[in-house]
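So that the names make sense, note that chain A is the first sequence line, chain B the second, and so on, each numbered from 1.
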2 protein chains.
Amino acid sequence: MERDPSTPGAPGTPGQRGPHPHGHVTLGDVARHVGVSAQSVSNALNNPDRVSPLTRERILAAVAELGYRPNRSARALRNQRSRLIGVKVEASRDDRAALLLDQFLHALAESARGAGCHLILCQADGEAEEIAAYRELLDTTSVDAFVLSGAHADDRRIPALREWGVPFATFGRSWDHDPDLTWVDVDGRAGLRAATAHVAAQGHRHVGHVGWPQGSEVGRDRRRGWLEACASLDLPAGAEVGVPDDFDAGRAAAHRLLDAADAPTAVVCSSDTLALGVLRGLSERGLHAGRDVAVTGFDNSPTATLSTPGLTSLRQPLEQVAHDLVAGLEDLLAGAASPQQSLLEPELVVRASSLRGPTP
Amino acid sequence: MERDPSTPGAPGTPGQRGPHPHGHVTLGDVARHVGVSAQSVSNALNNPDRVSPLTRERILAAVAELGYRPNRSARALRNQRSRLIGVKVEASRDDRAALLLDQFLHALAESARGAGCHLILCQADGEAEEIAAYRELLDTTSVDAFVLSGAHADDRRIPALREWGVPFATFGRSWDHDPDLTWVDVDGRAGLRAATAHVAAQGHRHVGHVGWPQGSEVGRDRRRGWLEACASLDLPAGAEVGVPDDFDAGRAAAHRLLDAADAPTAVVCSSDTLALGVLRGLSERGLHAGRDVAVTGFDNSPTATLSTPGLTSLRQPLEQVAHDLVAGLEDLLAGAASPQQSLLEPELVVRASSLRGPTP
DNA sequence: CTGTTAGCGCCTTCAT
DNA sequence: ATGAAGGCGCTAACAG
């Protein structure tokens with residue numbers, strides 16, 4: 001239907017846009033049209049100063065007229081550079097990362113385009129599978145570089161890619177102070193400091209925390225932000241619950257915190273998932289988030305907007321993250337000596353769950 | 001750092017895996033290692049019967065030993081086929097499509113891998129931008145085919161791609177009964193019939209509907225499912241509200257329905273976004289979803305799991321959608337005469353919002 | 001059954 | 001300033 005391979009190249013066939021069966025305009029077509037060599041066309045486009053201004057003019061006009069675009073495969077073959085960046089997608093889990101993936105991919109695709117690159121996806125569920133998928137893309141010369149998301153301490157992907165000698169940048173730190181790693185991360189510690197300061201500004205003095213301090217540097221880091229803010233604001237040491245990052249754990253955590261003698265009136269959480277669990281926990285006790293207990297999350301996931309009440313959360317600056325990742329890769333590909341590392345502050349998005357006013 | 005372009009090919013350099021500066025094993029390397037021509041190696045891999053079993057054996061052994069993988073660019077250049085499928089990602093909107101994007105992409109990447117293909121992303125925000133992005137991928141010979149999501153009536157992308165003669169398949173119908181279109185869609189009408197029957201089975205007789213019947217065939221189709229079920233179950237004609245697909249509209253719709261004299265005791269919605277709005281509307285009136293009023297949504301978005309109470313919803317079989325899309329594209333690329341079209345049933349996922357039991 | 005030839009479209013190198 | 005030659009890695013077509 002859309003294209004019938006059995007009748008390639010019949011002139012006038014839909015999709016026929018040049019003298020070739022496949023309908024693509026090549027360097028040679030432009031050259032013939034102008035009456036110069038293919039080489040001059042290539043130069044006019046890639047080394048403008050190697051060609052006289054006049055011919056350059058004529059060539060560019062022909063390029064525009066014929067709609068010439070360089071063939072990606074030919075260029076990649078010749079230059080040993082595909083202008084493709086490998087990215088993994090994984091099965092959606094109901095956790096923070098998954099909810100943001102589309103926004104992140106969009107931002108990354110946009111930044112890549114700015115660098116003249118495209119994203120190629122690979123699919124993998126475990127770390128081993130992911131490494132294998134990267135290896136395949138690399139062995140088939142499909143990519144110039146990779147962007148890894150969710151880098152963590154003891155990340156096996158990092159030594160693997162490094163050993164292969166392929167440039168890569170990570171969203172998330174490795175937490176081992178590796179000076180040779182190109183990374184971008186969001187400062188969760190600063191984020192929880194901001195959330196804590198915000199609820200304190202609403203008059204709350206007993207600020208509890210729900211997070212997952214074990215097993216993850218990210219969790220420890222966010223918790224540290226809460227602790228630091230409590231200390232610097234002279235709040236009494238708040239209660240905290242450390243749980244895995246899932247909804248029911250957040251729900252249970254809310255009950256545990258509120259059952260205590262010295263129950264907090266505000267709860268800052270290390271993720272939206274946990275915060276939404278806390279919201280449910282509150283509602284199960286007949287309490288209203290915001291009016292009775294302030295609650296904040298982390299990630300500003302779409303869910304945060306849609307929960308009842310709206311969840312105050314910390315927005316990750318994904319556009320900036322994507323931009324810095326691509327810039328870091330460009331540096332690596334250009335042979336930069338020292339890798340870029342950038343730590344970005346999340347932005348507090350205030351909604352009803354942390355405000356005393358009537359629940360809207 | 002990860003790779004220093006200024007010292008390519010020093011033997012023993014990380015990333016050095018063959019005799020070439022870039023460290024990739026080529027057909028020629030394998031051929032030399034076995035003592036045959038490059039052509040025979042190619043044949044052993046692509047036309048096994050054109051080579052004697054014994055040499056084939058030896059060649060495959062060498063391929064495995066050296067870790068040969070064909071160079072994607074070279075193969076694409078030679079075959080005029082990139083084995084890349086173009087897919088668009090757009091800025092996340094808080095609507096149904098965006099929340100599912102990552103799941104869909106994952107499923108699609110998985111299916112593509114089964115067909116020996118990869119996904120290449122392009123980024124675009126409006127329809128015009130999207131068409132331009134496709135055009136660029138096509139002109140640079142970057143893709144063999146496209147998968148479009150969210151096809152709708154009067155979709156300008158469809159005639160554009162068709163005119164260019166490039167194979168494509170759409171997630172969503174065009175609704176103009178186009179027999180030449182390869183599409184996969186989820187049967188929203190069947191979905192709303194199922195949701196309506198489910199709440200009826202809970203004893204509800206007054207089943208209202210909140211959807212967006214104007215401006216979208218999808219909305220009209222889903223509404224029709226609700227109407228059909230009411231008719232076939234002998235339920236009295238239920239009240240309905242037609243609104244745009246957003247959270248606040250759902251919230252307002254709940255109030256409008258419940259203010260009426262003959263207020264429904266169950267509300268089936270055409271999207272999770274609307275259903276979540278309805279949940280908030282109920283909670284604002286002090287009503288409990290499930291116990292007081294049954295509510296169902298559509299999409300089974302991550303949010304449905306995390307809302308309070310959990311939202312009964314209709315899960316789209318995205319794995320099957322992805323599989324059928326890729327199968328449809330393979331058919332097109334193989335020159336099939338009649339395009340595949342498949343309509344898949346969503347699966348009702350029951351949670352507390354539609355159950356009379358105590359809100360868990 | 002195997003090898004040689006040629007060329008996909010592009011760009012670096014080297015003449016002119 | 002321009003063009004010719006050659007090759008990136010692969011495979012269809014044709015020898016042998």
Over how many whole Å does the gap from B:Tyr68 atom OH to D:dG9 atom P extend? 10 Å
Specify the separation, in whole Å, of atom CZ of B:Arg72 and atom P of D:dC10. 13 Å
From the options B:Thr182, B:Asp185, B:Asp324, select the one residue that forms a side-chain hydrogen bond (donor to acceptor under 3.5 Å, both in side chains) with B:Ser342. B:Asp324
If each end axis of the helix from C:dC1-D:dG16 to C:dT16-D:dA1 is fitted on five C1' pair positions, the angle between them, to 10 degrees, is 50°
Could you state the interatomic distance from NE2 (A:His106) to CD (B:Glu90), rounded to the nearest 0.5 Å? 8.0 Å
Side-chain donor-acceptor pair under 3.5 Å between B:Asp29 and B:His20, yes or no? yes
What nucleotide, of C:dG3, D:dC10, C:dC1, holds the atom closest to the side chain of B:Pro53? C:dC1
Atom pair distance, as rounded to whole Å: CD in A:Gln39 and C1' in C:dA15: 12 Å
Quick check: any donor-acceptor pair below 3.5 Å linking the side-chain of A:Arg78 to the base of C:dC11? yes
Heavy atoms only, 4.0 Å cut-off, all strands: where does B:Asn46 land among base, sugar-phosphate and nothing? sugar-phosphate
Using whole Å, what does the distance between atom P of nucleotide D:dC10 and atom CZ of B:Arg83 come to? 15 Å
Pick base, sugar-phosphate or nothing for B:Thr141, based on heavy-atom distances below 4.0 Å to the nucleic acid. nothing
In terms of side-chain geometry, is the basic nitrogen of A:Arg56 or A:Asp49 positioned less than 4.0 Å from the acidic oxygen of its partner? no
Approximate separation, where rounding is to 0.5 Å, of A:Leu161 CG and A:Thr170 OG1: 10.5 Å
Taking only side-chain nitrogens and oxygens of B:Ser42, does any of them come within less than 4.0 Å of OP1 or OP2 of D:dC10? no
Among C:dC8, C:dC1, D:dC8, the one nearest any side-chain atom of B:Ser52 is C:dC1
Which listed nucleotide (C:dG9, D:dT11, C:dT4) is nearest to the side chain of B:Arg75? D:dT11
For D:dG3, does OP1 or OP2 lie under 4.0 Å from any side-chain N or O of A:Ser40? yes
Verify whether one side chain among B:Ser142 and A:Arg72 offers a donor that lies under 3.5 Å from an acceptor in the other. yes
B:Arg32 CZ to C:dG3 P, straight-line distance once rounded to whole Å: 14 Å
Interatomic distance where CD1 belongs to A:Ile59 and P belongs to D:dA1 [whole Å]: 13 Å
Which part of the nucleic acid does A:Leu27 contact within heavy-atom distance under 4.0 Å: base, sugar-phosphate only, or nothing? sugar-phosphate
Main chain of B:Arg69, side chain of A:Asp139: is a donor-acceptor contact present, judged purely on distance under 3.5 Å? no
Just to be sure I understand the rule, does A:Thr55 reach a base, reach only the sugar-phosphate, or reach nothing, if contact means heavy atoms closer than 4.0 Å? sugar-phosphate
May I ask you to verify if any side-chain N or O of A:His22 is less than 4.0 angstrom from the OP1 or OP2 atom of C:dG9? yes
Return the value, rounded to whole Å, for the distance between atom CG of B:Asn47 and atom C1' of D:dC14. 15 Å
